[in-house]
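Okay, so here's the structure we're looking at.
First the proteins, then the strands, lettered A, B, ... as listed; each starts at 1. If you're wondering where the values come from, they're calculated on a predicted model, not measured in any experiment.
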Amino acid sequence: MLEVFAEMLARLRERLAPSGVDVGDLVIARDLDDLSQRLARGEVELVVETVFPTLVLQERSRRLDPALVVVRRGQREYRSVFFTKKDAPIHDLADLRGRTLVLQVLRSTSAFALPKAELERAGLAVVPADDPRTGRAQVRYVLALAEINQAVWVLHGRGDAGAFNEGNWAALPEKIRSQLRVFHETRPIVRGLLSFRAGLDPRVRRLAEEALQGLDDDEPGRAALARAAGVTRFEPLTARDRQDLRGWAAVLRPSRPR
Amino acid sequence: MRFSGIGTRYAVWIATLALALVATALVAAGVIAFRESRLVQAEIHDAVGTARAADEEAALRGTARYLGAHLFNALYQLDVDRLNKEIEQVGAWLPVESFLVMDRSRRVLTDGTAANPRYGDTFDGELPSAAVGPRLVRNGAAAELRFVIASGGVSAGWGVVTLAEAPWQASLRRLEARTAAMWAARRASLLSLGAAAFAVTLGLGLLTALRLSRSLARPLTEMSRAAGEIAAGNLDCPLTLDSPDELGHLARALNRMAGDLRTHEEALRAERADLAAKNAELERFTYTVSHDLKSPLVTIRGFAGLAGTDLGAGNLDRVRHDLGRIVAASDKMQRLLEELLELSRIGRVVNPAEDVALGSLAREAVELVKGRLDRGRVEVEIAPDLPVVRADRHRLLEVLQNLVENAAKFTGDEPAPRIEIGARRDGGGLVFYVKDNGRGIEPRYLERVFELFEKLDPGAEGTGVGLALVRRIVEAHGGRAWAESDGPGRGSTFCFTLSSPRGA
């Protein structure tokens with residue numbers, strides 16, 4: 001895993017060296033807790049993550065400041081879609097109240113965190129299907145482990161609806177997709193975020209931002225980024241991006257995975 | 001690089017030969033290895049086919065039972081993703097043409113592909129119950145396995161696997177494919193190895209060939225260079241090649257030829273110098289003769305005219321005087337001509353050489369000029385140990401007589417004139433000399449005195465032929481004649497050496 005980022009890191013090191021900024025080592029954290037602790041210990045200056053883990057870390061440590069959008073495989077942002085069987089009596093999010101939603105895994109942004117946040121933002125409580133508090137007011141969820149399973153489970157009646165990335169929807173086998181329909185789409189969300197540890201020297205941060213945004217200036221740089229898990233480029237966060245992040249952060253607080 | 005050089009041509013030939021050998025060896029090794037691997041592959045094919053065909057049916061039923069249990073959890077949980085992964089793995093070790101997984105209602109859940117085109121289709125073929133066990137349907141080389149996916153008595157659905165061919169055939173085919181792939185990889189490696197061997201052979205071959213060809217071609221190059229030197233006239237560059245073969249013989253012959261040429265050239269050069277000296281002498285001789293013979297003629301002519309005048313005037317005394325001068329000039333001219341004749345005879349007319357006791361010959365010479373010596377009261381001392389030499393006795397007597405007479409001529413004014421005849425050792429050879437204490441000679445005239453008709457003192461007696469005669473005789477004997485003197489008033493020494501006289 002480290003190897004795929006090595007070249008990008010080397011090029012970043014090369015760009016920052018003339019400014020006297022040293023680039024340290026790359027670490028892969030085991031999970032969010034591990035990353036959170038590393039941030040707390042000041043071991044990590046820069047974090048690349050998807051939106052919801054970033055927001056969780058921000059919420060937990062208060063030491064993370066998103067700065068750049070990570071554009072991956074040419075996709076700056078995406079949205080999640082809610083789907084159900086063609087003939088199901090479900091037409092909007094509110095129709096999911098008291099029904100079962102098939103999600104993928106807890107760590108998924110597009111197939112868990114984003115749909116769950118979307119439902120909570122719509123005022124719907126989302127709880128595990130086996131939660132004893134489950135009632136007709138909440139939306140129950142089950143985890144199918146894979147996107148294809150989510151679709152099949154809905155068709156076989158193990159859930160009433162599913163939700164995942166719009167890309168997964170497009171990739172469904174035609175024979176399956178033809179028996180389903182999308183009844184809701186979330187607002188777009190950026191593909192990934194690059195955040196700095198709060199308190200980092202502003203000059204260093206500015207130099208690092210400039211260097212990162214310049215990595216795709218030449219072909220070798222673009223190739224190094226592509227090898228780093230399909231990164232296309234780093235772009236500055238727009239005001240709208242920040243506003244959306246604040247919105248997601250607001251709904252995230254009461255809806256963190258339990 | 002010039003390919004015209006013999007060394008380069010040798011190098012190219014040797015390098016080409018080495019490359020051809022290496023290339024042949026590599027190709028032969030490749031062909032043998034390829035044929036052997038084909039033979040081994042065919043034998044494996046026969047052996048495996050015979051062994052596996054017999055128990056394949058049992059093995060397939062066992063595989064179906066395994067899959068029936070193994071796929072239960074994934075099918076029961078409708079985990080299509082995992083089922084697809086399992087089907088993909090089965091395809092890696094069985095020749096699966098299609099793999100259908102159906103739920104309890106016989107509806108196809110997945111065929112293992114991403115497109116999953118048969119999803120939801122109802123399978124209308126006969127499916128076995130758990131009690132019956134897997135069913136194997138053969139259709140030529142193809143086969144179909146139908147089995148229940150169940151665990152602990154609970155059925156989750158069915159699996160239907162169509163095999164394109166017998167598994168053992170697929171195994172062999174995979175083996176063949178792997179062998180082919182291996183060969184493809186080896187071919188690339190062999191080609192790389194061949195290319196590396198080619199490059200190394202080319203490099204080493206060229207180096208070796210260059211060294212070898214230089215050692216082979218060096219003698220020829222060396223001889224070519226030497227021949228060029230000889231052609232350019234430089235005969236002092238001998239070939240240092242010392243080998244026992246034909247090239248060595250050739251080199252030695254070239255060296256001998258150069259040596260002979262050098263000897264002949266030196267001889268030619270000496271003869272040319274000798275000829276030049278003789279030409280010069282002849283020129284001087286011609287000049288001197290014409291000059292000195294003209295002198296009496298002028299006298300004769302002058303006094304003949306005076307005699308005519310005196311006769312017309314009737315002065316007979318003067319006429320007699322004039323005629324007397326004419327007769328004297330004629331006598332002088334006769335003497336000159338006689339001495340010239342004598343001089344010319346030396347070298348042409350040679351008497352046989354004989355052993356001559358130089359002491360007695362010296363005494364004989366002294367006796368011949370005794371009158372003059374006595375008149376001048378000249379004392380003569382002859383060394384007692386003069387050797388016996390091999391010479392033309394008559395000519396050698398002339399030499400000694402001329403030298404003693406010459407010495408006597410120029411010692412007359414001394415109060416105690418003295419002549420010494422002797423011999424001394426000089427540089428390993430004997431030098432004979434006639435020494436006087438007379439008037440001596442200026443150093444610049446030491447050589448001139450030997451010239452024909454040359455008289456340093458015009459009033460002196462003689463014709464000036466004597467010393468020229470001495471030198472001519474000595475040289476005819478292979479010797480050398482010269483004069484030594486510390487200057488005027490300090491006496492003179494006339495020396496000569498002798499070798500074998502010519503014609504002896």
* Answer with side chain, backbone, both or neither: which region of A:Gln179 has an atom nearer than 4.5 Å to a non-hydrogen atom of chain B? => side chain
* Side chains of A:His156 and B:Leu109: does their closest heavy-atom pair fall under 4.5 Å? -> yes
* **Minimal non-hydrogen separation, B:Ala115 against A:Pro173, with atom names** => O-CB, 3.0 Å
* Determine the minimum heavy-atom distance between A:Ile176 and B:Tyr119, stating which atoms define it. => CG1-CD2, 3.5 Å
* To do: Return the minimal non-hydrogen interatomic distance between A:Lys175 and B:Asn116, and the atom names on each side.
  => CB-O, 4.3 Å
* **Which atoms of B:Asp103 approach chain A - backbone, side chain, both or neither, heavy atom under 4.5 Å** => side chain
* Asked: Would you say B:Glu88 has more than 12 foreign heavy atoms packed within less than 6.0 Å of its CD?
  -> no
* Tell me, yes or no, whether the heavy-atom count around A:Phe183 atom CZ, taken from other residues, nucleotides or ligands under 6.0 Å, exceeds 12. => yes
* Residue-level interface, residues 70-89 of chain A with chain B, non-hydrogen cut-off under 4.5 Å -> none
* **Heavy-atom neighbours of B:Arg106 CZ exceed 12 at 6.0 Å** => yes
* Tell me yes or no: between the side chains of B:Asp81 and A:Asn149, is some donor less than 3.5 Å from an acceptor? => no
* Checking heavy atoms, do the side chain of B:Arg107, its backbone, both or neither come under 4.5 Å from chain A? -> side chain
* Structure fact -> Under 4.5 Å to a heavy atom of chain A? For B:Leu83 that would be neither
* **Any donor-acceptor N/O pair, A:Trp153 side chain to B:Gln77 backbone, under 3.5 Å** => yes
